[in-house]
Amino acid sequence: MSTEYKYYEIEKNNLMKLLLNHNIVFFFVIVFLVSWSSWILAYLLFPGNFLLQLPLMRIGAFAPALISIFMCSLKNSAESNKTKKRWLTFVIVWIIASLHFYFYLIHIENTETGIKLILITIVTSVLPAFVLSNIFSKKTAIQEHLSTIFYPKGKLFWYIIAFLIIPFLLSLDVLINYIIGNEIGSPEYNFNEYANIKLFFYLFLIIITQSLQTGGLSEEPGWRGYAQKELQKKYSPLIVGIMIGLAWGIWHFPIYLSQITSMSLWMIVLGCIQIGLTFTWIYNRTKGSLLAVIILHASWNTFTHFIPKSSIFDIVMGIFLLIVICTSKMWKKTDKSNNA
């Protein structure tokens, strides 16, 4: 073995040790670097061009999931031979995600059809295909990290709660406003003129997109599946929920800065902490199931566009979280990273 090769191996091992010893710090740093650089480049290179911005925007959105896979790949773990399953999953998800995203962009985002749209959907759908195919990765550490997407844990009840809790709280907000006589705003997505079948078709397109392309699959393997799992080895679920919610809110800054909003950035961060604690709760209640928090994320991203939200919602959410924190005793450190 040459001297240069020895030095290379030593440096490589030292870097691996550094990454693993400070895994959470490096996870957040790399996620922020990848996401922010991708989003800023999208805005600078293609200002005002939604379609051309999409690939870079999706890379930024998928950074939490991608970096969590990378961090798990650094662990010393056994290897298994599941190459055929991995490639088969990749191809199937790629085709389904491409077709679905194509129809979503046409019907929901009103994007013009053409070869450019086809190419963009094919390119962006590589990301969900890559993440889901890694459920059958050669490395068992990556398999274990992502396995609960295909093989969920916990009771069915909590998956129903994960899907329905957001529309329930939003509807409660609307009801309170109606009772006290406050004017209720209009939802961002208003499909009142469509028949029920078409409405359900549009709702289906949005929910699946929010699961596969934005929010759910792109973020939850990182925020909950990796960061929460690691942080709960040292801190209580309450502290972890606040920490991740804070980081999650700051992570969104480039997107919020590019849009016109009446909310201050710190109010947005506070909102992320609120909903982040709900994610922490559901993740623990399902014994660490990624599918549950992907469903919750998709529900949040979908129904907040369909049901108008007022300032009273913060009070409703606050009361709900107080009940959750007290009944689950979230201030207590768990012995295991995922307790029911």
Side-chain angles (χ1 to χ4, degrees), residues 11-39 59-77 131 134 137 139-149 153 215-254 269-270 272-290 292-294 296-297 325 330-339:
E11 289 297 322
K12 183 181 176 182
N13 290 334
N14 287 339
L15 179 60
M16 292 275 280
K17 282 181 181 179
L18 184 65
L19 285 169
L20 291 172
N21 289 338
H22 305 280
N23 59 333
I24 287 297
V25 174
F26 279 106
F27 167 77
F28 281 111
V29 168
I30 301 171
V31 166
F32 272 69
L33 283 174
V34 172
S35 295
W36 285 15
S37 59
S38 298
W39 292 334
I59 290 171
F62 267 87
L66 296 176
I67 304 308
S68 71
I69 292 171
F70 167 71
M71 296 302 293
C72 287
S73 72
L74 300 177
K75 297 178 182 178
N76 289 324
S77 62
V131 173
N134 267 285
S137 169
K139 289 211 166 190
T140 54
I142 298 175
Q143 288 179 29
E144 290 168 3
H145 171 54
L146 299 172
S147 64
T148 53
I149 299 174
K153 296 190 290 186
L217 184 65
S218 64
E219 296 181 38
E220 292 312 318
W223 301 141
R224 254 53 66 174
Y226 188 79
Q228 180 175 330
K229 191 174 182 180
E230 291 295 314
L231 284 169
Q232 280 189 175
K233 293 175 182 177
K234 296 181 178 179
Y235 307 104
S236 71
L238 179 60
I239 297 299
V240 171
I242 293 170
M243 289 169 69
I244 295 176
L246 178 63
W248 187 31
I250 296 171
W251 177 73
H252 283 90
F253 272 17
V269 170
L270 181 61
C272 284
I273 291 172
Q274 279 187 328
I275 189 62
L277 284 167
T278 310
F279 281 97
T280 300
W281 173 63
I282 287 292
Y283 184 74
N284 285 338
R285 279 294 172 185
T286 53
K287 301 179 181 179
S289 176
L290 283 176
V293 284
I294 286 171
L296 176 58
H297 207 134
I325 291 166
M330 289 179 70
W331 59 85
K332 288 189 174 183
K333 184 177 175 294
T334 55
D335 294 327
K336 296 180 181 179
S337 53
N338 303 309
N339 283 352

Using 0.5 Å steps for rounding, measure from the [atom1] atom of [X] to the [atom2] atom of [Y].
| X | Y | atom1 | atom2 | value |
| --- | --- | --- | --- | --- |
| Leu270 | Ile273 | CG | CD1 | 6.0 Å |
| Thr280 | Gln228 | OG1 | CD | 4.0 Å |
| Ser137 | Leu146 | OG | CG | 8.5 Å |
| His297 | Phe279 | NE2 | CZ | 5.0 Å |
| Gln232 | Ile244 | CD | CD1 | 7.5 Å |
| Ile69 | Lys139 | CD1 | NZ | 13.0 Å |

Locate the shortest heavy-atom distance separating [X] from [Y]; write the atom from each residue and the value.
| X | Y | answer |
| --- | --- | --- |
| Trp248 | Ile275 | CZ3-CG2, 3.2 Å |
| Pro254 | Ile250 | CD-O, 4.4 Å |
| Ser73 | Ile142 | CB-CD1, 3.8 Å |
| Ile282 | Ala292 | CG2-CB, 3.8 Å |

- Apply the test side-chain contact (heavy atoms from CB on, under 4.5 Å) to residues Ile67 and Val34: give CA-CA distance (whole Å), side-chain angles for both, the deciding distance (0.1 Å), then the verdict. CA-CA 9 Å; Ile67 304 308; Val34 172; 4.3 Å; yes
Looking only at atom types and distance, does a side-chain atom of [X] sit under 3.5 Å from a main-chain N or O of [Y], one as donor and one as acceptor?
| X | Y | result |
| --- | --- | --- |
| Lys333 | Lys233 | yes |
| Lys75 | Ala141 | no |
| Ser35 | Phe32 | no |

Taking side chain as C-beta onward, heavy atoms only, is [X] less than 4.5 Å from [Y]?
| X | Y | answer |
| --- | --- | --- |
| His145 | Pro221 | yes |
| Leu217 | Ile149 | yes |
| Thr278 | Leu296 | yes |
| Phe27 | Ser68 | yes |

- Task: Kindly check if the number of other-residue, nucleotide or ligand heavy atoms within 6.0 Å of CZ (Phe26) is above 12?
- Result: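 It does: Phe26 CZ has more than 12 such atoms within range.
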- Message: Parallel, tilted or perpendicular: which one describes the rings of Trp223 and Phe28, with boundaries at 30° and 60°?
- Response: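 Correct class here is parallel.
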- Using the side-chain contact (heavy atoms from CB on, under 4.5 Å) rule, take Val293 and Thr286 through it: C-alpha gap first, then chi angles, then the decisive distance, then the call. CA-CA 9 Å; Val293 284; Thr286 53; 5.9 Å; no
- Query: Between Glu219 and Trp251, does any side-chain donor sit less than 3.5 Å from a side-chain acceptor?
  - Reply: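 No, no side-chain donor-acceptor pair sits under 3.5 Å.
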- Item | Over-ring placement of Arg224 relative to Tyr283, 6.0 Å and 45° cut-offs |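 No cation-pi geometry.
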- Task: Kindly determine whether Trp281 and Leu277 satisfy side-chain contact (heavy atoms from CB on, under 4.5 Å), including the steps that lead there.
- Result: CA-CA 6 Å; Trp281 173 63; Leu277 284 167; over 6 Å; no
